[in-house]
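Numbering starts at 1 and runs along the sequence shown.
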Amino acid sequence: MQDVLAMTYLWLKAGHIIFMVFWMAGLFMLPRQMIYLYPAAADSDETAVWTKRMGLLRKVILTPSLIVVWVLGLLLAMTIGAWDQGWFHAKLLIVIALTGFHGYMVAQAKKMTAGARPLTEKQLRLWGEFPGIALALIVVLVVVKPF
């Protein structure tokens, strides 16, 4: 299995990066869409439009990308033997946090489409920064490998 993975390393890496970009784009978009939904009344046409958009974002981009990123990332870790490297442990921790963020924001979006407003606009704007910070940390860990 290790030999097969080594032969496909560059393809795994390319796919991992591509789907990571899709996932991150979705994580940047979801809080923004929630901000746009915020002032709409629960039974309005505008809410129906944003509900559809957020559902499509989740079903077409966010969840499939999350799954592919995890699968390819774990295959890459196996290929390069990253399990005993400190930078990988730190990256894995951040990716787990991003996965939790993904789930949290999807849950909040579902509450918002049902008419609740569990987060303020300011909180949504602040949460919208989390993926960017996480991405910067991950890039440094993967490229620089500081430990």
Side-chain angles (χ1 to χ4, degrees), residues 1-38 40 47-147:
M1 179 74 170
Q2 200 75 1
D3 292 335
V4 172
L5 292 177
M7 290 179 1
T8 59
Y9 171 75
L10 292 177
W11 288 105
L12 291 172
K13 190 175 184 179
H16 184 66
I17 292 168
I18 291 164
F19 281 92
M20 177 276 305
V21 170
F22 293 159
W23 185 36
M24 293 304 296
L27 290 177
F28 286 130
M29 289 171 61
L30 185 58
R32 177 57 50 192
Q33 288 183 344
M34 292 165 69
I35 289 168
Y36 296 149
L37 170 64
Y38 197 87
T47 295
V49 168
W50 285 111
T51 298
K52 182 178 179 183
R53 288 176 182 166
M54 287 190 286
L56 286 171
L57 177 64
R58 186 179 74 252
K59 292 174 188 169
V60 176
I61 297 173
L62 277 171
T63 302
S65 297
L66 167 73
I67 293 166
V68 174
V69 164
W70 269 100
V71 169
L72 295 179
L74 293 173
L75 289 172
L76 280 169
M78 287 172 40
T79 303
I80 65 171
W83 300 105
D84 60 350
Q85 298 176 29
W87 68 268
F88 177 74
H89 294 158
K91 176 192 175 187
L92 188 58
L93 182 64
I94 296 169
V95 173
I96 290 169
L98 272 172
T99 302
F101 172 77
H102 172 131
Y104 176 74
M105 293 309 289
V106 165
Q108 300 310 306
K110 287 179 179 180
K111 289 177 186 176
M112 287 187 72
T113 60
R117 297 296 182 259
L119 299 170
T120 66
E121 285 186 69
K122 184 175 181 177
Q123 288 171 321
L124 288 169
R125 290 179 197 284
L126 288 172
W127 275 118
E129 301 302 322
F130 180 74
I133 294 167
L135 176 61
L137 292 172
I138 288 171
V139 168
V140 169
L141 288 167
V142 172
V143 173
V144 179
K145 294 182 174 69
F147 47 88

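- Using a 4.5 Å heavy-atom cutoff, the side chains of F88 and L141 are not in contact.
- Under a 3.5 Å cut-off, the side chain of T8 and the backbone N or O of W11 do not form any donor-acceptor pair.
- Side-chain contact check for W87 versus V144: every heavy-atom pair is 4.5 Å or farther apart.
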* Under the side-chain contact (heavy atoms from CB on, under 4.5 Å) rule, what do W23 and H102 come out as? Steps first, then yes or no, please. => CA-CA 9 Å; W23 185 36; H102 172 131; 2.9 Å; yes
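- Separating the CE atom in M105 from the CG atom in L27 is a distance of 9.0 Å, to the nearest 0.5 Å.
- Scanning all heavy atoms of the two residues, the minimum distance from W70 to I96 falls at CH2-CG1, 3.8 Å.
- Proximity of W50 to M112: side-chain heavy atoms (C-beta onward) are nowhere separated by under 4.5 Å.
- Across V71, L72, V21, V68, a single residue satisfies side chain to side chain contact (heavy atoms under 4.5 Å, CB included) together with H16, and that is L72.
- Under a 3.5 Å cut-off, the side chain of T51 and the backbone N or O of T47 do form a donor-acceptor pair.
- Considering CD1 of I138 and CD1 of I94, their distance stands at 5.5 Å, rounded to 0.5 Å.
- Shown here is K145, whose NZ atom has more than 12 heavy atoms of other residues, nucleotides or ligands within 6.0 Å.
- With contacts defined as side-chain heavy-atom distances shorter than 4.5 Å, the pair L98/M24 qualifies.
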* To do: Could you please spell out the steps behind the side-chain contact (heavy atoms from CB on, under 4.5 Å) verdict for L37 and R117?
  => CA-CA 10 Å; L37 170 64; R117 297 296 182 259; 4.1 Å; yes
* To do: Go through the steps for F22 and F19 under the test ring-ring contact (aromatic ring centres under 6.0 Å, His included), then give the verdict.
  => CA-CA 5 Å; F22 293 159; F19 281 92; 5.4 Å; yes
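- Y36 contributes atom OH, which lies 10.0 Å from atom CE of M29 (distance to the nearest 0.5 angstrom).
- Pairing each heavy atom of F28 with each of G128, the nearest pair is CD2-O, 4.1 Å.
- The OG1 atom of T63 sits 9.0 Å away from atom CG of L57, with the distance rounded to the nearest 0.5 Å.
- Contact record, G86 with F147: O-CE1, 3.3 Å, taken as the closest heavy-atom pair.
- The structure places CZ of R125 at 12.5 Å from CE of M34, a figure rounded to the nearest 0.5 Å.
- The distance from atom CG of L30 to atom CZ of R58, rounded to the nearest 0.5 Å, is 9.0 Å.
- Here the closest non-hydrogen pair linking Q123 and P118 is OE1-O, 4.2 Å.
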